Each structure stands twice: as C-alpha cells, then as structure tokens.
Peer 1: 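Mind looking over this structure? Questions follow.
Every chain is numbered from 1 and lettered A, B, ... according to where its sequence line falls, protein lines coming before strand lines. Since we're looking at a predicted model, the values are computed, not measured.
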There are 2 protein chains.
Amino acid sequence: MTSITPNANLYPASAMSSGSGVAASVAGASPTFSPLYQQIKSLITQSLQSGEWKPGELIPSEMELASRFKVSQGTVRKAIDELSAENLVVRRQGKGTFVATHHEARAQFRFLRLAPDEGVPHYPENRIIEVRRLRAPAEVARLLEIKSGDSVVFIRRVQSFSGVPTILDDLWLPGSIFKGLTAERLNEYKGPMYGLFETEFGTHMIRASEQIRAICADETVAQLLQIEKGTPLLNVERVSFTYGDKPVELRRGLYLTSQHHYRNELS
Amino acid sequence: MTSITPNANLYPASAMSSGSGVAASVAGASPTFSPLYQQIKSLITQSLQSGEWKPGELIPSEMELASRFKVSQGTVRKAIDELSAENLVVRRQGKGTFVATHHEARAQFRFLRLAPDEGVPHYPENRIIEVRRLRAPAEVARLLEIKSGDSVVFIRRVQSFSGVPTILDDLWLPGSIFKGLTAERLNEYKGPMYGLFETEFGTHMIRASEQIRAICADETVAQLLQIEKGTPLLNVERVSFTYGDKPVELRRGLYLTSQHHYRNELS
DNA sequence: AAGTGGTCTAGACCACTAT
DNA sequence: TAGTGGTCTAGACCACTTT
C-alpha cells in the first residue's frame, strides 16, 4: 500500500480543466487505477442507486454533469455510453438521458424469454396462487445473500398465454425489502411484476443470471398447469440483481414448451 | 428517390480532412443517411467478409485505416469499438486489433452454454456417430436459406464430460460450403468444431440464434446417451450465422441436464 | 525508441425535440 | 430559438508491447 494518488499522477492538472477534478478526489478512496470515465460512471451509478434520479426520470444533461464533475463532455459521454449499453439509462436524442424503467415497451421482453412458436410475442395473464411469509431455507438464503432463517416473501403464480397455463413461477424475495407485499396488490397490478417492484418497493432489477434444466412435471405442477404428470418442462432458476449487483429475487420458473420456446441470442 | 448525396451535405468538406473522403464516395450508393463511422464499420466488415484479413490476423492500425479512408482516427476508433463489442475483432493494447477466431480460450465458451453444476467449465470430448450427404428437407432448407433438395452435410455426434455422454448433436450444413467434410477429419480434429469450420472451410461463425424446449428422450436418443427412455432433455435448436448474417449451420442439440445446466445472463 | 490501442480535452456542427 | 444527444475532428498524453 502506498499513499500516492495514482490518478493525479497519471492525469496531471495540465490535462484537466481544473486542478481539483474528480480524479484527484476519487483517487484517494481507491488506490487501484481506473480511467476517469469509469470513475464518472461509478459516481452516476451511485446517484442511481441512492435514488437521486428515479426510474423514468431525466438525469442531468451531459454538459451539466461535465461541469459538476469538472471533466469534459466527452468523458461524461463515454461513461453514459456504457451505462446505456448496460440498460441502466436510456438516451433520447433531443430530449435527454432517462433512468431505465420496467414500465416501458422496450423493457417488457428483456426478462421474459418465452416466445410463442407462431405469432408475435405478447404478455401473459397473471394468476397469483399464494403469497406467504417464511424463514429462508439455507439454499435460498445463500443465493439471496441473507442469513438462513431471515424473513422472505414466497410467491407462487401461474402465467397464461391466451388462457393456456404455461408458466409456474415460485419466487423468494427478501422480507426486509418487500414489506407489505400481498396477493391483493399483486393481483391488482397489471403488467410485469418488475414494474411493481420498482414503483412500490423502490427496487429496480438491472440484470439476472439463469440456469436452465429439463425436468418432468410432478403431480402438483401438473395440476397447476393442467397438464399430464411427467410432461417435460423447462426449469429456469433465476437470481435477479439490483444496483450494486445486490441479489434481490430468487425465482424458479417451470415453462411448458409445447407451444412456446425459450429464445436466446448468442453473440 | 432523390439524386442528392446526403452525407456530402451533412458533413461538408470543411468538417473532413479531405474533400474526397469516404462519406462522399459511399453516399452515392446509399441514399439513406448513415453516420461516417457506420460506413467505415461496414467497409471493415466487407474486408473481413472477403477474407482480406483472416481470423487470428492483425488488421491495419487505426491510424493506417484513418488515412486509407480519409477520416480521423477517432472515427475509425468508433467503428472498431462496435466491431469489438460484436466480437468480430479483438483489441490488444500495444499490439493491435486482430480478427476474432474460434481458436482462442476466450471464444471457447461463447457458443457452449452447458456448464457443470459443480466445478469449473471444461470442454467435452467428441465422438462422431455419422456423417452423411443428403438432400435438404424443406424445413432445413428454409432455415439455411437454400433450396429444398440442395445438398447438405448431416453430422451426428455425442459429446461427453469426463466420460459421461451429455450432448447429442445433429447438424445440417450447406453442402456447397462444406465440401469434403468427412468423419475422419472431424475425428482427427481436437477442440471446438467452429475452429475446424473456420480453418478448413473459411467459414467463421459470428452469432447464433437458439430456441430451447424440454422434451423426453426417445428410444434412439436414450441408447446414444446411455440413459433411460423418457429422461427429460433440453432440446436446443440453433441457427448459426457467418459474416453478412448468412445462415450456415443448423444444429439440434439434446442436452442431458442432470449434472449440468444451460447458463444464461439476462442483461 | 517506435508503434499500438486507451484516455482525455476542446471545439465544431448536425439531428431531434420542445417552447 | 434554445437545449439535448449524436457525430466528427485535431491534438495531446498514457499504458503496453516489441524492436
């Protein structure tokens, strides 16, 4: 460990519009080098995380941020470029840059990968089977990075396409975040559940990690999806993350794929 | 249709290092506006497609391309930024920019999404079951964008992890491209099949589109994977594309997911 | 020492949206 | 008309690799 401030050395005052820019002030906190635009990106992310700018809202213009952080517009631009590529913000020419929200057409199918074999994708109907509070089992706690036995909200629901039951979802949510979540509120709400999580609980999902397996429907599942016991199903285990890569949802989906498929682009 | 050259108007000579730049020459061919860096990107892609620079090779430096195309280095840079994000090229600081190749550690798992539930991912062993020439069935022809009845190469293989048969792949390849592909050559070759396709047949895969379903193993499949008939399997249908978004591979993989899972990042 | 990609700045103009 | 993001240029310096 050394006490020098690497960024101040790497990007001397002559290369900056001001001697007391972000690089110098941030460098002290982090002895490992990172480019200016990454530091700006990190600062903007912190503002998103803290709720300074909420989903759907307009963030300050590039010029404004540039002057706030004492860097050039190009540097702010590169930071926002990456945030935009990661779907944290959305740019609109002539209007400004907005915090990404799940209340938008473009976000609807980002986390819904099941598409009909024929016809255009559309959003399924929702039926809540049960909502329960329980103590987190070890495996659930591990994936949500909470303590075993902590309060979690358990949700079971069935999603249908054109009246055909197709998805059986089991969800586990940290009780500390999703206080007061009831079946009534879930049933009242139309549209993607992530929209409700965002608006009602201030928790915006930014990414998710899935593991997919093939299984056969057991008795219980078969009944809920109105299919034969033993029918092959996709078993999709998902962990979703909010700002700061904090896991805030564990979900196990069982997908009936006789009329639908899970779509994926490898690139 | 108008005969004006939009780019020449939008980006007059004063904004360019030369009056006879790319914008002017390309604009005539395409009446719809596109930014300079997109045109540069398209020109570079054409060179990749034509084989001027082959997978693994070094492409000209940014400065060199800038002077060739009569644009600034920053514009070339932005074009290469996108090509890099699309995995068409790979940048290496201090060395240069290289054409992406499947003969590389970082490319190995881009198209192999099956990972062990425990332990680190590794590459499976390969066993070719059969290689055959046949006339393309209608469905195969449609997806490969060739004529029904055209020659296709059919390959069946089994991939094993640590000796355990796990993947049964059926492949259909356009006969016009994959001339002289035999079981011997496939068996001799170690490593990912896309490496062989690239080196031996000059066909580099740049992206793929997959549809995933759950099915049950039938008699034939069960025997090949040494599992019980009726075992649930992932059915992964893939269409792979080379430069110019030309489909050149149709693949149906059956994945045994009792010890493995298909991993996917939603972002 | 020379060459490459990576970062940063400053300034110009274009395209789009709102007022 | 003003303000926003989008494009393009020119020049500087840094980090990394090779000669």
Peer 1: Closer to the 5' end of DNA chain D via nearest nucleotide, is it R77(A) or G94(A)?
Peer 2: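 Going by which nucleotide is closer to the 5' end, it is G94(A).
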Peer 1: With a cut-off of less than 4.0 Å, is there a side-chain N or O of T97(B) near OP1 or OP2 of dG5(C)?
Peer 2: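 For dG5(C), OP1 or OP2 has a side-chain N or O of T97(B) closer than 4.0 Å.
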Peer 1: So if I take every side-chain heavy atom of S72(A) and compare against dC8(C), dT9(C), dA18(C), which nucleotide ends up nearest?
Peer 2: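 Selected nucleotide: dT9(C).
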Peer 1: Starting at NZ of K78(A) and ending at P of dG5(C), how long is that distance when rounded to a whole Å?
Peer 2: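 To the nearest whole Å, that distance equals 14 Å.
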Peer 1: Nearest to the side chain of R91(A) - dT9(D), dG6(D), dG5(C)?
Peer 2: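 Of the options given, the side chain of R91(A) lies nearest dG6(D).
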Peer 1: Taking the side chain from H103(A) and the backbone from G195(A), do they hold a donor-acceptor pair closer than 3.5 Å?
Peer 2: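 Flag set: sc H103(A) to bb G195(A) pair under 3.5 Å.
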Peer 1: Taking the minimum atom-to-atom distance to the side chain of Q93(B), which one of dT4(D), dT9(C), dG5(C) wins?
Peer 2: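 Nucleotide nearest to Q93(B)'s side chain: dG5(C).
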Peer 1: Which listed nucleotide (dT17(C), dG6(C), dT18(D)) is nearest to the side chain of K95(A)?
Peer 2: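 Output: dT17(C).
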Peer 1: Hey, does the side chain of K95(B) reach the backbone of R92(B) with a donor-acceptor pair shorter than 3.5 angstrom?
Peer 2: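 Side chain of K95(B) to backbone of R92(B): no pair is present.
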Peer 1: Whole angstroms only, please: what is the CG-P distance between D81(A) and dG6(D)?
Peer 2: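 Computing the D81(A):CG to dG6(D):P distance gives 8 Å.
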Peer 1: Atom CD of E64(B) and atom C1' of dA2(C): how far apart are they, to the nearest Å?
Peer 2: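 From E64(B) CD to dA2(C) C1': 14 Å.
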Peer 1: Would you mind reading off the distance between F69(B) atom CZ and dT9(D) atom C1', rounded to a whole angstrom?
Peer 2: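 In whole Å, dT9(D) C1' and F69(B) CZ are 18 Å from each other.
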Peer 1: Specify the separation, in whole Å, of atom CE of M63(A) and atom P of dA2(D).
Peer 2: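 Result: 16 Å.
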Peer 1: Check every strand shown and say whether R92(A) touches a base, only sugar-phosphate, or nothing at a heavy-atom separation below 4.0 Å.
Peer 2: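 It contacts sugar-phosphate atoms only.
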Peer 1: Using only atom types and a distance under 3.5 Å, with no angle test, would you say the side chain of N87(A) pairs donor to acceptor with the backbone of I206(A)?
Peer 2: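 No, N87(A) side chain to I206(A) backbone: no donor-acceptor pair under 3.5 Å.
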Peer 1: Roughly how many Å is it from CD in Q39(B) to P in dT7(D), rounded to a whole number?
Peer 2: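 Between P of dT7(D) and CD of Q39(B): 12 Å.
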Peer 1: Is the NZ or CZ atom of R91(A) positioned over F98(A)'s six-membered ring, under 6.0 angstrom from the centre and within 45° of the axis?
Peer 2: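 Checked: cation-pi criterion not met.
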Peer 1: Rounded off to whole Å, could you give me the CG-to-C1' distance for the L83(B) and dG5(C) pair?
Peer 2: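 So the two atoms are 15 Å apart, to the nearest Å.
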Peer 1: Nearest to the side chain of L36(A), heavy atoms from C-beta on, is which of dC8(C), dT9(D), dG6(C)?
Peer 2: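 Nearest listed nucleotide: dC8(C).
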Peer 1: Examine dT9(D): is either OP1 or OP2 under 4.0 Å from a nitrogen or oxygen in the side chain of T75(B)? Give yes or no.
Peer 2: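 Looking at the OP1 and OP2 atoms of dT9(D), one of them is under 4.0 Å from a side-chain N or O of T75(B).
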Peer 1: At their closest point, which heavy atom of Y262(B) faces which heavy atom of N264(A), and how far apart are they?
Peer 2: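 Reported closest heavy-atom pair: OH-ND2, 2.9 Å.
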Peer 1: Rounding to an integer number of Å, can you tell me how far Q73(B) CD sits from dT9(C) P?
Peer 2: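 The distance from CD of Q73(B) to P of dT9(C) comes to 17 Å, rounded to the nearest Å.
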Peer 1: For E62(B) and Q38(A), take the nucleotide of DNA chain C holding the closest heavy atom to each; which residue's nucleotide lies nearer the 5' end?
Peer 2: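 First, find each residue's nearest nucleotide; the 5'-ward one identifies E62(B).
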